[in-house]
Amino acid sequence: MEEQKKGYVDWVKIGKSSRPVDIRSKELDNTAVPLPFQIYATLKTSKYSEVEKLIHNTIDRLSDLRIRQNREFFNIPPSDALEIMRGFASLLDDAEITVCNDNPPAPTTRPNFKFHMIGLRAGDFVTFDPLGIEVKVASDDRVEYEDRLYSLSSFAGNFMPEEQQNKSGSYQGPIYFSYKGKTLFRLRNEMDCGKSSAESEENSGD
């Protein structure tokens, strides 16, 4: 994953390569890439082709962030792209993420998603977006549908429409559910960003 250098923010290229990253990076630094860039992070896995498609499809589902549908450039903060990459890496046995040394320290691994993190409680309803169906929040990490309990990931695995299924059969649950028009993944990021801003303001006042 590459990001544009300072002065050209929030554009990232997310691609794959079977060769060393530094070699591929030099190949990209030509007229085909109009702006300067630097390597932000890498994910090493034997399933790199599948993971690349999953990350692209995930970002495309969240919103229209791709510069063109046949290109690998996205208008998204590198840190957000890294968070999505980390989510898929947690589902792989051989995943190895490296964040480049000249970038800001990578965020620590976040705890698993819980409904209380976005202010939802048992009895609230969320929507499974691929089918547009509502399911009830049953506990802090389970939803209820047709008298059965599921984690968000297992629900996605069981009910994902065939045309949207991935080869691994593993899904980041919060990406596929929404509340009041926003995905749970996005709501959690917004909550986390809000907390970070509040903490920064408190620290600046000391």
Side-chain angles (χ1 to χ4, degrees), residues 1 14 43 45-66 69 74-77 79-95 97 107-198:
M1 178 173 68
I14 302 172
L43 168 59
T45 174
S46 60
K47 297 180 179 179
Y48 59 88
S49 291
E50 294 93 330
V51 172
E52 180 205 39
K53 290 179 182 177
L54 289 172
I55 294 175
H56 288 182
N57 291 340
T58 296
I59 296 176
D60 284 341
R61 272 193 294 269
L62 291 174
S63 60
D64 186 16
L65 298 173
R66 193 192 289 244
Q69 285 305 309
F74 300 84
N75 184 203
I76 182 174
S79 57
D80 287 357
L82 176 59
E83 189 64 29
I84 293 173
M85 195 162 72
R86 287 182 183 277
F88 285 114
S90 68
L91 303 174
L92 302 170
D93 294 331
D94 65 344
I97 288 183
T108 56
T109 302
R110 297 195 298 180
N112 291 334
F113 175 85
K114 304 290 185 183
F115 284 108
H116 78 265
M117 295 174 176
I118 58 172
L120 296 184
R121 299 177 296 179
D124 290 328
F125 285 84
V126 294
T127 302
F128 181 57
D129 293 324
L131 292 177
I133 58 177
E134 286 194 334
V135 296
K136 185 168 69 173
V137 176
S139 66
D140 208 20
D141 61 358
R142 292 289 187 272
V143 293
E144 180 182 345
Y145 182 67
E146 296 183 340
D147 298 322
R148 294 190 61 182
L149 298 180
Y150 302 86
S151 67
L152 294 180
S153 297
S154 65
F155 189 97
N158 278 281
F159 294 95
M160 187 67 66
E162 185 175 355
E163 65 274 11
Q164 296 186 46
Q165 293 176 8
N166 59 50
K167 292 182 180 180
S168 70
S170 299
Y171 302 91
Q172 262 190 290
I175 290 173
Y176 301 95
F177 289 82
S178 64
Y179 180 71
K180 293 186 176 180
K182 292 185 179 181
T183 66
L184 306 189
F185 178 88
R186 180 178 176 183
L187 287 170
R188 182 182 182 183
N189 282 347
E190 289 179 353
M191 292 290 286
D192 287 350
C193 288
K195 289 178 181 177
S196 297
S197 298

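What you see is a predicted model, and the numbers here were worked out from it, not measured in a lab.
- Taking the side chain as every heavy atom from C-beta outward, Leu131 and Pro161 approach each other to under 4.5 Å.
- Taking the side chain to side chain contact (heavy atoms under 4.5 Å, CB included) definition, one finds that Glu134 meets it with Phe125, Thr127, sequence neighbours left out.
- Summarising the geometry, atom NZ belonging to Lys136 is positioned 14.0 Å from atom OH belonging to Tyr145; distances are rounded to the nearest 0.5 Å.
- Taking the side chain as every heavy atom from C-beta outward, Phe177 and Thr183 never approach each other to under 4.5 Å.
- Counting only residues at least two apart or in different chains, salt bridge (charged side-chain N to carboxylate O under 4.0 Å, His left out) contacts with residues 120-129 are absent.
- Under the ring pair (Phe, Tyr, Trp, His ring centres under 6.0 Å) criterion, Phe88 pairs with no residue at all, not counting sequence neighbours.
- Screening residues 169-185 for salt bridge (charged side-chain N to carboxylate O under 4.0 Å, His left out) gives Lys182-Glu190 as the qualifying pairs, with residues at least two apart or on separate chains.
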side-chain contact (heavy atoms from CB on, under 4.5 Å) evaluation trace for Tyr171 with Leu152: CA-CA 9 Å; Tyr171 302 91; Leu152 294 180; over 6 Å; no
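- Considering CG of Asp140 and CG of Leu120, their distance stands at 9.5 Å, rounded to 0.5 Å.
- Residues forming a side chain to side chain contact (heavy atoms under 4.5 Å, CB included) with Leu149 (at least two apart in sequence, or on another chain): Ala138, Glu144.
- Across all their heavy atoms, Gln165 and Met160 have their closest contact at NE2-O, 3.0 Å.
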Verdict with supporting geometry, Leu184 and Ile175, side-chain contact (heavy atoms from CB on, under 4.5 Å): CA-CA 6 Å; Leu184 306 189; Ile175 290 173; over 6 Å; no
Val143 vs Phe128, side-chain contact (heavy atoms from CB on, under 4.5 Å): CA-CA, chis, key distance, verdict: CA-CA 11 Å; Val143 293; Phe128 181 57; over 6 Å; no
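- Residues satisfying the ring pair (Phe, Tyr, Trp, His ring centres under 6.0 Å) test with Tyr48, not counting sequence neighbours, are none.
- Considering all non-hydrogen atoms of both residues, Gln172 and Gly87 come closest at NE2-CA, 3.4 Å.
- Applying the side chain to side chain contact (heavy atoms under 4.5 Å, CB included) criterion to Ser151, with sequence neighbours excluded, gives Arg142, Ser153, Ser154.
- Checked against side-chain hydrogen bond (donor to acceptor under 3.5 Å, both in side chains), Asn158 has no partners two or more places apart in sequence or in another chain.
- Remark: Arg86 CZ to Leu91 CG distance equals 14.0 Å, nearest 0.5 Å.
- Under the rule for a salt bridge (Lys or Arg N to Asp or Glu O under 4.0 Å), the partners of Asp141 that lie at least two apart in sequence or sit in another chain are Lys114.
- With rounding to the nearest 0.5 angstrom, the CD atom of Gln164 is 11.5 Å from the CD atom of Glu162.
- Atom CG of Leu54 is separated from atom CD of Glu52 by 10.0 Å, given to the nearest 0.5 angstrom.
- With rounding to the nearest 0.5 Å, the separation of OH in Tyr176 from CZ in Phe159 is 16.0 Å.
- Under the 30°/60° scheme for interplanar angles, the aromatic rings of Phe155 and Tyr150 are found to stand perpendicular.
- For Tyr179, there are no ring pair (Phe, Tyr, Trp, His ring centres under 6.0 Å) partners two or more places apart in sequence or in a different chain.
- No side-chain donor-acceptor contact under 3.5 Å links His56 to the backbone of Val51.
- For Asp94, the side-chain hydrogen bond (donor to acceptor under 3.5 Å, both in side chains) criterion is met by Thr45, Ser46, not counting sequence neighbours.
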